[in-house]
Amino acid sequence: MDYAATTPVDPRVIEAMVQCLGPDAVFANAASTHGLGLVAKGLIEQARSDIAARVGAHADEIVFTSGATESNNLALKGTFGEELPHNSRLLTTRIEHKSVLDSAEQVARRGVAVEYLVTDACGRVDLDALASTLQAKATALVSVMHVNNEIGTWQEIEAIAALCRAHGALLHVDAAQSVGKLPVLLEDWGVDFCSLTAHKICGPKGIGALYVRRGRRLAAQLHGGGHEHGLRAGTLATHQIVGMGASYALAEPASEMPEIERLSQRLWAGLAAIEGVARNGSAATSIPNIVNVRFPGVDGESLRLALADLAVSAGSACNSADVEPSYVLKSLGLSDVAAAGSLRFSIGRFTTESEIDRAVERATEEVSRLRSLAPNAPNWCLS
Ligand SMILES: Cc1ncc(COP(=O)(O)O)c(C=O)c1O
């Protein structure tokens, strides 16, 4: 129940990766100009094309990184390079992944004005407020995630991109959670930078990319051999890149999402039968594989621990060590108590109906057990 944190690698992806490992495999350095190096380069370029095709981009716009965290850092810090642009203002939201929020804090320390956009109770960016904020003052960059990792809310990226373009601002999108679940059409939408990762869609961990639209400039954050158009130095990880390419080629939303949606509806129908339970965000504005649920009358941490066998999360995996209630849920207006009493269930390619039924059964059992232990728990509130 934790596919939004990470996913198992698809056996077909493993098969593609294995051809780049071992003494008889394509293990050569892709920057080497000998025959074996050229074979490795060929595999990398094929992966680059497959990734570009999945997100509606050109292959030469894909810059490999170690994952979406690094891509987010590169997009934000790279926009505000050594010399700050005259319009050194960054707009983002309070529900972004920590790698965006922390990068925003870093550039703020260098003098960039960082402002947070208004979002509604589901985390949607208010387009009118965005338009007037852009109108009020010149903005260098807007950074908005396509899909939120805790509640699954998706943003209207095409409309946001149109507003950014109309006001001369560049747009960065974190698409770590949306590729494979929703169509992503970067060129058509007019996005300037987009962070991608492999491990959320049955690819390997430790590999990702930043889409950099043709003609856009960024200051490199890693210096070395001039790899990746000088934007990201380091020997390319052939097996990881080939794995990412294979996972992107396989991740077709139209073929995969109907079954995930069916399972998600079954999950929510089962959980909704528990007294007082409510959903954070809404099914209408969320991708189906993430279902974030409030369980009034129980402490979320106790419930999460009691359900350790299901591997559910309280908020995002990156913050699980944190006992603080989710900052995402709090910025949507939930109280500390309601946020702390919420859990994220997330499913994916290999989730089965019997796993869904077991999750519902175990959650029902544990909520009732915990409520009977503390019948006067203070958090019988729904906001
Ligand atoms: C929305 C979002 N952005 C960025 C990341 C970071 O991605 P990665 O693990 O590839 O660094 C994640 C996942 O943890 C995520 O969900």
Side-chain angles (χ1 to χ4, degrees), residues 1-9 13 51 54-55 62-77 92-106 119 123-125 143-155 157 160 171-182 184 191 193-211 221-222 232 234 237 240-241 243-245 247-248 251 281 285-287 289-292 311-322 326-329 331-332 344-348:
M1 295 294 122
D2 207 15
Y3 268 70
T6 196
T7 60
V9 179
V13 172
I51 293 161
R54 173 63 61 221
V55 297
I62 301 296
V63 173
F64 288 112
T65 64
S66 61
T69 296
E70 184 185 333
S71 302
N72 286 340
N73 274 263
L74 177 56
L76 269 65
K77 295 177 190 168
T92 187
T93 76
R94 294 200 185 274
I95 62 165
E96 298 300 310
H97 188 261
K98 278 283 182 192
S99 52
V100 165
L101 295 177
D102 290 356
S103 297
E105 244 176 59
Q106 287 294 324
T119 49
R124 279 292 192 84
V125 169
S143 179
V144 172
M145 68 206 315
H146 192 191
V147 165
N148 180 272
N149 46 307
E150 292 196 29
I151 45 169
T153 297
W154 50 271
Q155 304 287 351
I157 296 299
I160 292 174
L171 174 64
H172 164 249
V173 173
D174 176 352
Q177 294 285 351
S178 63
V179 173
K181 287 116 190 173
L182 291 176
V184 178
V191 171
F193 307 110
C194 180
S195 299
L196 305 170
T197 192
H199 74 102
K200 309 286 186 185
I201 49 167
C202 302
K205 296 167 188 52
I207 183 71
L210 182 67
Y211 159 83
Q221 303 299 306
L222 268 184
R232 205 279 190 172
Q240 301 285 80
I241 291 171
M244 180 170 180
S247 67
Y248 271 55
T285 55
S286 294
I287 52 166
N289 60 301
I290 296 180
V291 179
N292 195 310
V312 281
S313 275
S316 63
C318 329
N319 302 310
S320 287
D322 234 328
S326 151
Y327 67 88
V328 171
L329 295 180
S331 35
L332 302 185
R344 176 186 72 184
F345 295 73
S346 53
I347 61 175

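Both counts, for ligands and for their atoms, begin at 1 and track the order of listing. Just so we're clear, the structure is a prediction, and the values are computed from it rather than from any experiment. Both backbone and side-chain heavy atoms feed into the values below; hydrogens, waters and symmetry mates do not.
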In this structure, does ligand 1 have an atom that sits under 4.0 Å from one of the heavy atoms of Lys200? yes
Leu332 side, atom CG; Tyr327 side, atom OH - distance, nearest 0.5 Å: 11.0 Å
Which ligand 1 atoms, with their elements, are less than 4.0 angstrom from a heavy-atom of Asp174? 1 (C), 2 (C), 3 (N), 4 (C)
Output the list of atoms in ligand 1 that are nearer than 4.0 Å to some heavy atom of Met145, sorted by atom number. 1 (C)
Residues Asp2 and Ser313: side-chain donor-acceptor under 3.5 angstrom: yes
Contact check, His199 vs ligand 1, heavy-atom distance below 4.0 Å: yes
Can you see whether Lys200 engages Thr7 through a side-chain donor-acceptor pair at a distance of less than 3.5 angstrom? no
Please report the closest heavy-atom contact between Ser143 and His172, naming both atoms and the distance. OG-ND1, 2.8 Å
Does either side chain, that of Asn73 or that of Ser103, offer a donor lying less than 3.5 Å from an acceptor on the other one? yes
Exam field: side chain Gln155 to backbone Val125, donor-acceptor pair closer than 3.5 Å: yes
Need the ligand 1 atom indices (1-based, order shown) with element for anything under 4.0 Å from a heavy-atom of Asn149. 1 (C), 16 (O)
Counting both backbone and side chain atoms, is some N or O of Ala68 under 3.5 Å from an N or O of ligand 1? yes
Does any N or O atom in Gln177 lie less than 3.5 angstrom from one in ligand 1, N or O only? yes
Suppose I only count heavy atoms of Thr69 and a 4.0 Å limit; which atoms of ligand 1 are within that range? 6 (C), 7 (O), 8 (P), 11 (O)
Does Thr197 reach ligand 1 with a nitrogen or oxygen that is under 3.5 Å from one of the ligand's nitrogen or oxygen atoms? yes
Sequence neighbours excluded, which residues qualify as side chain to side chain contact (heavy atoms under 4.5 Å, CB included) partners of Ser71? Thr65, Ser195, Leu210
